[in-house]
Amino acid sequence: MATADAQSIAEELMEWFSHEGRDLPWRRPPRTPYRVLVSELMLQQTRADVVARRFEAFVDRYPDFAALAQATLDDVLRAWEGLGYYRRAQALWRTARVVAARGELPVEREELLRLPGIGPYSASAVRSFAFSLPDPALDANLRRVALRVMGERADPARAQAQKAAHGLLSEVLKAGPPADLSDALMDLGALVCTSRGPRCEICPIARWCAGRESGEPEAFGRPAAKGARRELRIVALRVESELGLLWRPRPSKGLLAGLWEPPHLLAPEQPGEGEIDRLLATWGVRGARDTGERWPMSHVFTHQAWIGEVRRIEAESLPPSAPARWLNRHALAEVALPSAFRAVLSKGW
DNA sequence: AACGCGGGGAG
DNA sequence: CTCCCAGCGTT
(Lines give C-alpha, C1' and ligand atoms only; values in the text may rest on other atoms or scores of the structure.)
Protein backbone atom coordinates (compact mmCIF):
# COMPACT_ATOMS: atom_id res chain seq x y z
CA MET A 1 0.00 0.00 0.00
CA ALA A 2 1.52 3.24 -1.15
CA THR A 3 1.52 6.19 1.25
CA ALA A 4 -0.61 8.13 -1.20
CA ASP A 5 -3.22 5.35 -1.11
CA ALA A 6 -3.29 5.33 2.68
CA GLN A 7 -3.79 9.10 2.57
CA SER A 8 -6.65 8.81 0.06
CA ILE A 9 -8.30 5.99 2.01
CA ALA A 10 -8.13 8.06 5.19
CA GLU A 11 -9.73 11.03 3.46
CA GLU A 12 -12.54 8.97 1.96
CA LEU A 13 -13.20 7.31 5.32
CA MET A 14 -13.41 10.66 7.11
CA GLU A 15 -15.81 12.05 4.50
CA TRP A 16 -18.01 8.96 4.61
CA PHE A 17 -17.97 8.84 8.41
CA SER A 18 -19.05 12.48 8.69
CA HIS A 19 -22.50 11.64 7.38
CA GLU A 20 -22.86 7.84 7.75
CA GLY A 21 -21.13 7.22 11.07
CA ARG A 22 -23.15 5.78 13.95
CA ASP A 23 -24.11 7.86 16.95
CA LEU A 24 -23.04 5.58 19.80
CA PRO A 25 -23.21 6.55 23.49
CA TRP A 26 -19.54 5.89 24.28
CA ARG A 27 -18.44 8.12 21.41
CA ARG A 28 -20.15 11.18 22.82
CA PRO A 29 -17.97 13.51 24.84
CA PRO A 30 -16.39 13.27 27.24
CA ARG A 31 -14.53 10.34 25.73
CA THR A 32 -12.57 9.62 28.88
CA PRO A 33 -10.30 6.60 29.40
CA TYR A 34 -12.85 5.25 31.90
CA ARG A 35 -15.77 5.40 29.51
CA VAL A 36 -13.67 3.97 26.71
CA LEU A 37 -12.58 1.06 28.88
CA VAL A 38 -16.10 0.28 30.08
CA SER A 39 -17.41 0.29 26.54
CA GLU A 40 -14.57 -1.88 25.25
CA LEU A 41 -15.12 -4.53 27.90
CA MET A 42 -18.85 -4.52 27.13
CA LEU A 43 -18.15 -4.72 23.41
CA GLN A 44 -16.00 -7.85 23.61
CA GLN A 45 -17.93 -10.33 21.46
CA THR A 46 -21.09 -8.26 21.88
CA ARG A 47 -22.68 -6.20 19.12
CA ALA A 48 -22.56 -2.46 19.36
CA ASP A 49 -26.33 -2.03 19.10
CA VAL A 50 -26.82 -4.34 22.09
CA VAL A 51 -24.26 -2.51 24.20
CA ALA A 52 -25.72 0.85 23.17
CA ARG A 53 -28.83 0.06 25.22
CA ARG A 54 -26.86 -0.75 28.34
CA PHE A 55 -23.87 1.57 28.43
CA GLU A 56 -25.37 4.72 29.90
CA ALA A 57 -27.13 3.04 32.80
CA PHE A 58 -23.84 1.44 33.81
CA VAL A 59 -21.72 4.60 33.68
CA ASP A 60 -24.47 6.57 35.41
CA ARG A 61 -24.31 4.14 38.29
CA TYR A 62 -20.50 3.93 38.24
CA PRO A 63 -19.26 7.26 36.78
CA ASP A 64 -15.52 6.69 37.22
CA PHE A 65 -12.83 4.22 38.26
CA ALA A 66 -13.17 5.19 41.92
CA ALA A 67 -16.90 4.55 42.02
CA LEU A 68 -16.52 1.20 40.32
CA ALA A 69 -13.63 0.22 42.58
CA GLN A 70 -15.70 0.93 45.69
CA ALA A 71 -18.63 -1.19 44.57
CA THR A 72 -18.93 -4.85 45.51
CA LEU A 73 -18.44 -7.44 42.82
CA ASP A 74 -21.98 -8.65 43.38
CA ASP A 75 -23.37 -5.21 42.62
CA VAL A 76 -21.25 -4.90 39.48
CA LEU A 77 -22.39 -8.32 38.30
CA ARG A 78 -25.98 -7.26 38.83
CA ALA A 79 -25.37 -4.16 36.72
CA TRP A 80 -23.93 -6.47 34.05
CA GLU A 81 -26.97 -8.76 34.02
CA GLY A 82 -28.04 -9.83 30.55
CA LEU A 83 -24.81 -8.83 28.85
CA GLY A 84 -23.28 -12.29 29.10
CA TYR A 85 -19.63 -13.28 29.51
CA TYR A 86 -19.75 -12.27 33.17
CA ARG A 87 -16.04 -12.81 33.53
CA ARG A 88 -15.74 -9.43 31.77
CA ALA A 89 -17.58 -7.71 34.61
CA GLN A 90 -15.21 -9.17 37.16
CA ALA A 91 -12.19 -8.20 35.05
CA LEU A 92 -13.48 -4.64 34.69
CA TRP A 93 -14.06 -4.37 38.41
CA ARG A 94 -10.58 -5.71 39.19
CA THR A 95 -9.02 -3.33 36.67
CA ALA A 96 -10.93 -0.44 38.22
CA ARG A 97 -9.46 -1.31 41.62
CA VAL A 98 -5.95 -1.34 40.19
CA VAL A 99 -6.44 1.93 38.35
CA ALA A 100 -8.13 3.63 41.31
CA ALA A 101 -5.14 2.75 43.47
CA ARG A 102 -2.65 3.71 40.80
CA GLY A 103 -4.31 6.98 39.78
CA GLU A 104 -4.93 6.63 36.07
CA LEU A 105 -5.15 4.23 33.16
CA PRO A 106 -1.72 3.62 31.60
CA VAL A 107 -0.95 4.62 28.03
CA GLU A 108 1.76 2.05 27.37
CA ARG A 109 0.59 -1.07 25.59
CA GLU A 110 2.60 -3.43 27.78
CA GLU A 111 1.12 -1.95 30.94
CA LEU A 112 -2.42 -2.10 29.61
CA LEU A 113 -1.95 -5.76 28.72
CA ARG A 114 -1.19 -6.57 32.35
CA LEU A 115 -4.64 -5.41 33.47
CA PRO A 116 -7.40 -8.02 33.84
CA GLY A 117 -9.65 -8.34 30.79
CA ILE A 118 -7.41 -6.25 28.54
CA GLY A 119 -5.94 -8.22 25.67
CA PRO A 120 -4.35 -7.18 22.38
CA TYR A 121 -7.56 -5.72 20.99
CA SER A 122 -8.64 -3.75 24.06
CA ALA A 123 -5.15 -2.38 24.68
CA SER A 124 -5.10 -0.96 21.17
CA ALA A 125 -8.68 0.25 21.50
CA VAL A 126 -7.82 2.25 24.61
CA ARG A 127 -4.77 3.71 22.90
CA SER A 128 -6.58 4.67 19.70
CA PHE A 129 -9.93 5.79 21.13
CA ALA A 130 -8.94 7.29 24.46
CA PHE A 131 -5.48 8.59 23.60
CA SER A 132 -5.83 8.95 19.82
CA LEU A 133 -2.66 7.00 19.02
CA PRO A 134 -2.28 5.29 15.62
CA ASP A 135 -2.56 1.78 17.08
CA PRO A 136 -5.20 -0.16 15.10
CA ALA A 137 -7.57 -2.14 17.32
CA LEU A 138 -7.95 -5.31 15.32
CA ASP A 139 -11.46 -6.45 16.09
CA ALA A 140 -13.47 -8.55 13.66
CA ASN A 141 -14.44 -5.42 11.70
CA LEU A 142 -10.97 -4.01 11.13
CA ARG A 143 -9.53 -7.41 10.32
CA ARG A 144 -12.22 -8.10 7.77
CA VAL A 145 -11.93 -4.68 6.11
CA ALA A 146 -8.14 -4.89 5.90
CA LEU A 147 -8.02 -8.46 4.59
CA ARG A 148 -10.57 -7.65 1.91
CA VAL A 149 -8.73 -4.52 0.82
CA MET A 150 -5.55 -6.56 0.56
CA GLY A 151 -7.24 -9.55 -1.06
CA GLU A 152 -5.73 -11.76 1.62
CA ARG A 153 -7.46 -15.12 2.02
CA ALA A 154 -5.91 -16.11 5.35
CA ASP A 155 -8.12 -16.92 8.33
CA PRO A 156 -8.41 -13.64 10.31
CA ALA A 157 -7.59 -15.55 13.50
CA ARG A 158 -4.13 -16.39 12.25
CA ALA A 159 -1.19 -14.34 13.46
CA GLN A 160 0.12 -13.84 9.94
CA ALA A 161 -3.17 -12.33 8.75
CA GLN A 162 -3.28 -9.98 11.72
CA LYS A 163 0.24 -8.81 11.08
CA ALA A 164 -0.68 -7.88 7.52
CA ALA A 165 -3.86 -6.11 8.65
CA HIS A 166 -1.93 -4.22 11.31
CA GLY A 167 0.57 -3.02 8.73
CA LEU A 168 -2.02 -1.62 6.38
CA LEU A 169 -4.21 -0.02 9.03
CA SER A 170 -1.28 1.57 10.84
CA GLU A 171 -0.56 3.50 7.66
CA VAL A 172 -4.18 4.58 7.37
CA LEU A 173 -4.37 5.71 11.02
CA LYS A 174 -1.22 7.78 10.59
CA ALA A 175 -2.86 9.64 7.72
CA GLY A 176 -5.50 11.32 9.87
CA PRO A 177 -7.03 11.48 13.37
CA PRO A 178 -6.57 7.91 14.68
CA ALA A 179 -9.65 7.85 16.93
CA ASP A 180 -12.01 9.09 14.23
CA LEU A 181 -10.48 6.86 11.58
CA SER A 182 -10.84 3.88 13.91
CA ASP A 183 -14.51 4.78 14.44
CA ALA A 184 -14.92 5.03 10.68
CA LEU A 185 -13.30 1.64 10.06
CA MET A 186 -15.52 0.03 12.71
CA ASP A 187 -18.64 1.48 11.13
CA LEU A 188 -17.52 0.52 7.66
CA GLY A 189 -17.16 -3.05 8.85
CA ALA A 190 -20.50 -3.02 10.66
CA LEU A 191 -22.59 -1.23 8.03
CA VAL A 192 -20.94 -1.79 4.62
CA CYS A 193 -18.13 -4.32 4.63
CA THR A 194 -20.25 -6.86 6.49
CA SER A 195 -19.31 -10.47 7.04
CA ARG A 196 -22.17 -11.65 4.86
CA GLY A 197 -23.54 -9.64 1.97
CA PRO A 198 -21.05 -6.77 1.80
CA ARG A 199 -22.40 -3.68 0.03
CA CYS A 200 -19.46 -2.82 -2.17
CA GLU A 201 -21.61 -0.55 -4.33
CA ILE A 202 -21.80 2.04 -1.56
CA CYS A 203 -18.30 1.54 -0.14
CA PRO A 204 -16.21 4.70 0.01
CA ILE A 205 -12.93 2.82 -0.44
CA ALA A 206 -13.99 0.28 -3.06
CA ARG A 207 -11.47 1.74 -5.51
CA TRP A 208 -8.60 0.35 -3.42
CA CYS A 209 -10.18 -3.00 -2.59
CA ALA A 210 -8.69 -6.18 -4.07
CA GLY A 211 -11.49 -8.24 -2.54
CA ARG A 212 -14.10 -6.31 -4.44
CA GLU A 213 -12.05 -6.48 -7.62
CA SER A 214 -11.90 -10.27 -7.29
CA GLY A 215 -15.68 -10.43 -7.59
CA GLU A 216 -16.05 -12.49 -4.40
CA PRO A 217 -15.49 -10.11 -1.49
CA GLU A 218 -17.20 -12.51 0.93
CA ALA A 219 -14.36 -14.95 0.42
CA PHE A 220 -11.97 -12.75 2.39
CA GLY A 221 -11.70 -11.82 6.04
CA ARG A 222 -14.20 -14.29 7.43
CA PRO A 223 -13.50 -16.76 10.22
CA ALA A 224 -12.85 -20.31 9.07
CA ALA A 225 -16.23 -22.02 8.84
CA LYS A 226 -17.10 -23.94 11.98
CA GLY A 227 -18.13 -27.00 10.03
CA ALA A 228 -14.98 -26.95 7.92
CA ARG A 229 -12.94 -29.49 9.80
CA ARG A 230 -9.27 -29.98 9.38
CA GLU A 231 -8.42 -32.98 7.23
CA LEU A 232 -5.54 -35.18 8.34
CA ARG A 233 -3.98 -38.11 6.54
CA ILE A 234 -3.67 -41.23 8.67
CA VAL A 235 -1.68 -44.42 8.33
CA ALA A 236 -2.60 -46.92 11.04
CA LEU A 237 -0.63 -50.13 11.48
CA ARG A 238 -2.02 -53.54 12.34
CA VAL A 239 1.10 -55.02 13.82
CA GLU A 240 0.61 -58.74 14.35
CA SER A 241 2.66 -61.26 16.27
CA GLU A 242 1.84 -64.69 17.62
CA LEU A 243 0.78 -62.92 20.84
CA GLY A 244 -1.80 -60.69 19.21
CA LEU A 245 -2.07 -57.09 17.97
CA LEU A 246 -0.02 -54.13 19.17
CA TRP A 247 -1.98 -51.41 21.07
CA ARG A 248 -1.45 -48.98 23.91
CA PRO A 249 -3.59 -46.67 26.05
CA ARG A 250 -3.89 -43.03 25.01
CA PRO A 251 -3.10 -40.21 27.46
CA SER A 252 -5.68 -39.61 30.18
CA LYS A 253 -6.53 -36.16 28.84
CA GLY A 254 -7.55 -34.82 25.46
CA LEU A 255 -9.03 -36.48 22.42
CA LEU A 256 -10.20 -40.06 23.02
CA ALA A 257 -8.67 -39.90 26.49
CA GLY A 258 -7.91 -43.26 28.02
CA LEU A 259 -9.03 -45.30 25.01
CA TRP A 260 -6.61 -47.61 23.24
CA GLU A 261 -4.79 -46.93 20.00
CA PRO A 262 -2.64 -48.84 17.52
CA PRO A 263 0.61 -47.42 16.06
CA HIS A 264 -0.37 -44.71 13.62
CA LEU A 265 0.78 -41.48 12.00
CA LEU A 266 -1.39 -38.38 11.63
CA ALA A 267 -0.24 -35.49 9.47
CA PRO A 268 -1.55 -32.96 6.95
CA GLU A 269 0.31 -34.85 4.21
CA GLN A 270 0.90 -38.52 3.48
CA PRO A 271 3.80 -39.75 5.66
CA GLY A 272 6.97 -41.18 4.10
CA GLU A 273 8.27 -44.73 4.60
CA GLY A 274 11.03 -43.51 6.90
CA GLU A 275 8.43 -42.20 9.33
CA ILE A 276 6.74 -45.60 9.45
CA ASP A 277 10.05 -47.26 10.34
CA ARG A 278 10.70 -44.73 13.09
CA LEU A 279 7.18 -45.25 14.43
CA LEU A 280 7.75 -49.00 14.70
CA ALA A 281 11.07 -48.43 16.43
CA THR A 282 9.40 -46.10 18.94
CA TRP A 283 6.91 -48.79 19.81
CA GLY A 284 9.74 -51.29 20.32
CA VAL A 285 8.76 -53.54 17.42
CA ARG A 286 11.41 -56.06 16.28
CA GLY A 287 11.50 -58.01 13.03
CA ALA A 288 8.81 -55.96 11.32
CA ARG A 289 7.73 -57.16 7.87
CA ASP A 290 5.24 -55.20 5.79
CA THR A 291 2.85 -57.72 4.24
CA GLY A 292 1.83 -55.18 1.61
CA GLU A 293 -1.83 -55.63 2.59
CA ARG A 294 -3.67 -52.30 2.88
CA TRP A 295 -7.29 -51.21 3.25
CA PRO A 296 -8.93 -47.81 3.63
CA MET A 297 -9.99 -46.23 6.91
CA SER A 298 -11.60 -42.88 7.74
CA HIS A 299 -13.23 -41.19 10.68
CA VAL A 300 -14.92 -37.82 11.11
CA PHE A 301 -14.82 -35.95 14.44
CA THR A 302 -16.44 -32.59 15.17
CA HIS A 303 -13.24 -30.67 14.55
CA GLN A 304 -11.17 -32.92 12.33
CA ALA A 305 -11.38 -35.76 9.83
CA TRP A 306 -8.96 -38.64 9.45
CA ILE A 307 -8.63 -40.17 6.00
CA GLY A 308 -6.12 -42.87 5.14
CA GLU A 309 -5.40 -46.56 5.32
CA VAL A 310 -4.51 -49.50 7.51
CA ARG A 311 -1.33 -51.46 6.75
CA ARG A 312 -0.78 -55.01 7.96
CA ILE A 313 2.64 -55.65 9.51
CA GLU A 314 4.01 -58.89 10.90
CA ALA A 315 6.53 -58.82 13.76
CA GLU A 316 8.33 -61.01 16.25
CA SER A 317 6.69 -61.92 19.56
CA LEU A 318 9.00 -59.81 21.73
CA PRO A 319 7.88 -57.35 24.43
CA PRO A 320 7.17 -53.87 22.99
CA SER A 321 8.03 -50.54 24.68
CA ALA A 322 5.77 -49.72 27.63
CA PRO A 323 2.92 -48.97 27.82
CA ALA A 324 2.30 -50.77 24.52
CA ARG A 325 1.09 -54.38 24.75
CA TRP A 326 0.25 -57.31 22.56
CA LEU A 327 -3.50 -57.84 22.86
CA ASN A 328 -5.01 -61.20 21.93
CA ARG A 329 -8.65 -61.61 20.98
CA HIS A 330 -9.75 -61.90 24.57
CA ALA A 331 -7.82 -58.83 25.71
CA LEU A 332 -9.05 -56.78 22.77
CA ALA A 333 -12.60 -57.48 23.89
CA GLU A 334 -11.77 -56.16 27.36
CA VAL A 335 -10.35 -52.71 26.53
CA ALA A 336 -12.02 -49.60 25.13
CA LEU A 337 -11.24 -49.08 21.46
CA PRO A 338 -12.36 -45.90 19.69
CA SER A 339 -14.48 -46.53 16.63
CA ALA A 340 -11.94 -44.45 14.74
CA PHE A 341 -9.56 -47.41 14.95
CA ARG A 342 -12.07 -50.22 14.46
CA ALA A 343 -10.95 -50.49 10.86
CA VAL A 344 -7.69 -51.95 12.11
CA LEU A 345 -9.62 -55.00 13.30
CA SER A 346 -11.41 -55.73 10.04
CA LYS A 347 -9.96 -58.32 7.64
CA GLY A 348 -9.89 -61.19 10.02
CA TRP A 349 -10.13 -59.81 13.54
C1' DA B 1 -3.78 -23.22 18.01
C1' DA B 2 -8.03 -24.53 20.17
C1' DC B 3 -11.70 -24.08 23.84
C1' DG B 4 -15.00 -22.22 26.97
C1' DC B 5 -17.44 -18.49 28.08
C1' DG B 6 -23.69 -15.75 27.18
C1' DG B 7 -26.73 -13.77 24.82
C1' DG B 8 -28.83 -11.66 20.98
C1' DG B 9 -29.47 -10.02 16.13
C1' DA B 10 -29.70 -10.97 11.24
C1' DG B 11 -30.39 -13.85 7.23
C1' DC C 1 -32.17 -23.09 12.13
C1' DT C 2 -26.93 -21.19 11.49
C1' DC C 3 -23.69 -17.70 11.67
C1' DC C 4 -21.38 -14.19 13.94
C1' DC C 5 -20.52 -10.40 16.97
C1' DA C 6 -15.83 -3.76 18.92
C1' DG C 7 -12.12 -10.98 22.72
C1' DC C 8 -9.83 -12.86 26.78
C1' DG C 9 -7.71 -16.33 29.60
C1' DT C 10 -6.27 -20.94 29.82
C1' DT C 11 -4.29 -25.05 28.22
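These values consider heavy atoms only, across backbone and side chains, with no hydrogens, waters or symmetry-generated copies. A note on names: the letters A, B, ... follow the listed sequences, proteins ahead of strands, and every chain is numbered from 1.
Atom P of B/dG8 sits at a distance of 22 Å from the matching atom of C/dC8, rounded to the whole Å. Nucleotides C/dT10 and B/dG7 place their C1' atoms 22 Å apart, quoted to the nearest Å. Across the C1' atoms, C/dC4 and B/dG6 are found 14 Å apart, a figure rounded to whole Å. Using atom C1' as the reference point in both C/dC1 and B/dC5, the two lie 22 Å apart (nearest Å).
Base contact: A/Gly84 has a heavy atom under 4.0 Å from a base atom. In this structure, A/Ala140 reaches the sugar-phosphate backbone alone: every heavy-atom distance under 4.0 Å involves primed, P, OP1 or OP2 atoms, never a base.
Comparing B/dG6, C/dC8, B/dG9 by their nearest atom to the side chain of A/Arg88 picks out B/dG6. The side chain of A/Arg196 approaches C/dC3 more closely than any other nucleotide in the set C/dC8, C/dG7, C/dC3.
When the nearest nucleotides of DNA chain B are assigned to A/Asp49 and A/Thr46 by heavy-atom distance, the more 5′-ward of the two goes with A/Thr46.
A/Asp64 pairs by the side-chain contact (heavy atoms from CB on, under 4.5 Å) definition with A/Ala66, A/Ala67, not counting sequence neighbours.
Expressed to the nearest 0.5 Å, how far CZ of A/Arg144 lies from CD of A/Glu218 amounts to 10.5 Å. If you take CG on A/Leu138 and CG on A/Leu169, they are separated by 6.5 Å, rounding to the nearest 0.5 Å.
Look at CE on A/Met186: it is 12 Å from C1' on C/dC5, rounded to the nearest Å. For A/Tyr86 and C/dG7, the OH to P distance is 18 Å, given to the nearest whole Å.
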